[in-house]
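Just below is one structure, and these are the notes that go with it.
All of these numbers come straight from a predicted model, not from anything done at the bench.
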Amino acid sequence: MLGEGERRVSSGGELRDATEARLRLGGVVARIEGLYAALLRTRRPDRRGQLLAELSEAGARLAAEAAPEGLAASASWPLSRRERRIRAAERGARWISTRCR
């Protein structure tokens with residue numbers, strides 16, 4: 001499945017770049033999930049502060065990674081499930097990065 005603005009082309013380079021971008025995005029989301037789970041379980045105030053700082057950095061990284069690079073979103077096409085999830089991740093990343101500062 002291709003994400004927003006991604007098109008299959010005959011050269012493998014662009015498709016590989018799109019796949020790598022999706023893998024990076026998934027890695028950042030997994031990092032946030034792990035940090036949030038650790039934050040829920042920790043009791044030490046110093047560790048909570050450290051986790052909040054890391055969570056804020058990861059949220060900013062997610063916002064940067066999920067932001068479309070010069071791609072114009074088409075308002076005429078309905079959003080796919082993947083596009084809706086990416087947009088939800090962007091909103092969540094912005095919320096986390098502003099809340100944890």
To the nearest 0.5 Å, tell me how far [X] [atom1] sits from [Y] [atom2].
{"X": "Arg82", "Y": "Arg87", "atom1": "CZ", "atom2": "CZ", "answer": "14.0 Å"}
{"X": "Leu35", "Y": "Thr42", "atom1": "CG", "atom2": "OG1", "answer": "12.0 Å"}
{"X": "Arg85", "Y": "Leu25", "atom1": "CZ", "atom2": "CG", "answer": "10.0 Å"}
{"X": "Leu39", "Y": "Gln50", "atom1": "CG", "atom2": "CD", "answer": "11.5 Å"}
{"X": "Ile96", "Y": "Tyr36", "atom1": "CD1", "atom2": "OH", "answer": "8.5 Å"}

- Query: Between the main-chain N or O of Ser80 and the side-chain N or O of Glu83, is there a donor-acceptor pair closer than 3.5 Å?
  - Reply: yes
- Item | Check: Arg94 main-chain N/O paired with Thr98 side-chain donor or acceptor under 3.5 Å | yes
- Using the rule that two of Ile, Leu, Val, Met, Phe, Trp, Tyr join whenever any of their side-chain heavy atoms come within less than 4.5 Å, decide whether Ile32 and Leu40 are in one cluster. yes
- Query: Looking at Ala21 and Glu65, what are the two nearest heavy atoms and their distance?
  - Reply: O-OE2, 4.2 Å
- Message: Looking at every heavy atom in both Ala93 and Leu62, which two are closest together, and how far apart are they?
- Response: CB-CD2, 3.6 Å
- Item | Val29 side chain reached by Glu33 side chain, heavy atoms, under 4.5 Å | yes
- Residues passing the side-chain contact (heavy atoms from CB on, under 4.5 Å) test with Arg43, sequence neighbours excluded, are none
- How would you list, by chain and number, every residue that makes a side-chain contact (heavy atoms from CB on, under 4.5 Å) with Arg41, sequence neighbours excluded? Ala37
